[in-house]
2 protein chains.
Amino acid sequence: MALNDSQRQSKRAWERLGSRADGAPRAAELTAVALELFAQKSFSAVSIKSIGEAAGANSALIYYYFKDKEDLFRACIESAVEQSFEHFIALSKNRDDPAGTISGWLNTHVELYLTLRKMVKVSLDYKSSSAVLPSVEKSYQRFYAQEAEVLEACVREGVARGLFTHADPQAICELTSTFLDGAMVRSIILPEFDVETAVGHFREFLWRALGYEPAK
Amino acid sequence: MALNDSQRQSKRAWERLGSRADGAPRAAELTAVALELFAQKSFSAVSIKSIGEAAGANSALIYYYFKDKEDLFRACIESAVEQSFEHFIALSKNRDDPAGTISGWLNTHVELYLTLRKMVKVSLDYKSSSAVLPSVEKSYQRFYAQEAEVLEACVREGVARGLFTHADPQAICELTSTFLDGAMVRSIILPEFDVETAVGHFREFLWRALGYEPAK
DNA sequence: GTCTATAAAAGGATAGAC
DNA sequence: GTCTATCCTTTTATAGAC
């Protein structure tokens, strides 16, 4: 797997001083391992040594591929956002069935909550640090823009077809993503929380609020 | 302000070895300052020295009142849960007006989201560490039991009076708290997120899903 | 590319003066 | 009770061998 744009960008940025070869499969490996750890604990609770160890490599190797710990963290966030994003993009195609698409979007959160909550967790950590990394901000922007576009388009389409009533697309979209974020957090905080059940309840609630009658 | 039960308990626990005076106003001060920092950053991102500095005291003082950093953290979590809990307890009295109580509960989250999101943030950190502290678990249990009791009772009462339709009290309760947790998280992650607006939208949707017509 | 060794700094925690 | 001084450990990061 090749480095993505932002990773390549950051390599270039710090390699102006050191000058080192480009294109690295091992960097992606390290990023994956680090993301796992950063999502489990927190940025400062994870040591460079533990990342190296988990990746089966010496910690010094990390500094070959990344400028410093923060640079690795940045790569992790972007990777988490990217992974989440890719799973959504498939749903964007299906504009014919608004309720089906929304439903699919909810299901995606159930199936991939392990991936998605990594993104939420790491995002919290990132936002808690006062650092502002332009490439990370761009990732987020892209993700949320896509999310809004898909959901709002579905609601508008549903209203246009007379399937939904009373719907403010933006409000519905925000409501839904806020709930889903809550579900991700709760699945971390409450051991007995069941994402599938909770999302199922939300779907019923949403249909009722939208005045939608599922055909069945 | 006197130490609360759990703080006193923990002091007793480690003082069996050291034997030191009880009842400390300064301990509460240190806890408050530390909670602020732990909520802003994360457990391991906050140093003992920085806590002392923020409290206008030497970091060594912390070890006079607390066994170690984790013990201080525990006191912070319990304090955060306790603060959130106290704001809820007032609402528990009002059983005559189900919709009003639910509404008040939502408003509480708007007004006190700065306090409540501290609890969410610190809880995430706590649950991410593998530590299990019995006194903290007890705090949580108390909080969630109270939350469930208030909300579920409201929904049941509303159904009994014919104000609400189709309502599964437990599902509504979980739905609502999950949404509110999501709102807390989003207010951290997204700078432009407005808790008041989001909760306002949720209220409308809840009423619609419950088949409730606000008198007005 | 990957490792060993190590410098340099920061953090948690304690002893003891006041 | 609160502070100074200090110890010990961990951690980030670099230099340089292979």
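Letters A, B, ... are given to chains in the order of the sequence lines, protein chains preceding strands, and every chain is numbered from 1. Excluded from the calculations below are hydrogen atoms, water molecules and symmetry mates; all remaining heavy atoms, backbone and side chain alike, are included.
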Quick one: Y65(B) OH to dC3(D) C1', roughly how many Å, whole number? 13 Å

side-chain hydrogen bond (donor to acceptor under 3.5 Å, both in side chains) against T176(A), all qualifying residues, sequence neighbours excluded: none

Non-neighbouring partners of N107(A) that pass side-chain hydrogen bond (donor to acceptor under 3.5 Å, both in side chains), sequence neighbours left out: R203(A)

Less than 3.5 Å apart, any donor N or O on the side chain of Y65(A) or T31(A) sitting next to an acceptor on the other? no

Rounded off to whole Å, could you give me the CG-to-P distance for the L61(B) and dA17(C) pair? 19 Å

Among residues at least two apart in sequence or on other chains, which ones pass side chain to side chain contact (heavy atoms under 4.5 Å, CB included) with T108(B)? H87(B), F88(B), L91(B), L112(B)

Is the centre of the Y126(A) ring less than 6.0 Å from the centre of the F73(A) ring? no

Shorter than 3.5 Å, N or O on both sides, protein versus nucleotides 4-6 of chain C: list them out with atom names.
residue: dT4(C); atom: OP2; partner: N58(A); partner atom: ND2; Å: 3.2

Using whole Å, report how far CZ of F43(B) lies from C1' of dG11(C). 12 Å

Taking CD1 from I48(B) and C1' from dT4(D), how many angstroms apart are they, rounded to a whole number? 17 Å

Any residue meeting salt bridge (Lys or Arg N to Asp or Glu O under 4.0 Å) with E137(A), in chain and number order, not counting sequence neighbours: K127(A)

From CZ of F66(B) across to P of dG12(C) the rounded distance in Å is 15 Å

Using atom NZ of K69(A) as one end and atom C1' of dA13(D) as the other, report the distance to the nearest whole Å. 12 Å

From CG of D68(B) over to P of dC8(D), roughly how many Å is that when rounded to an integer? 20 Å

Atom CD of E53(B) and atom P of dG11(C): how far apart are they, to the nearest Å? 11 Å

OP1, OP2 of dA13(C) versus side-chain N and O of Y63(B): anything below 4.0 Å? yes

What residues form a side chain to side chain contact (heavy atoms under 4.5 Å, CB included) with A131(A), not counting sequence neighbours? E70(A), S129(A)

To the side chain of Y64(B), which of dC3(C), dT2(C), dG1(D) is closest? dG1(D)

N or O in side chain of R26(A) less than 4.0 angstrom from dT2(C) OP1/OP2: yes

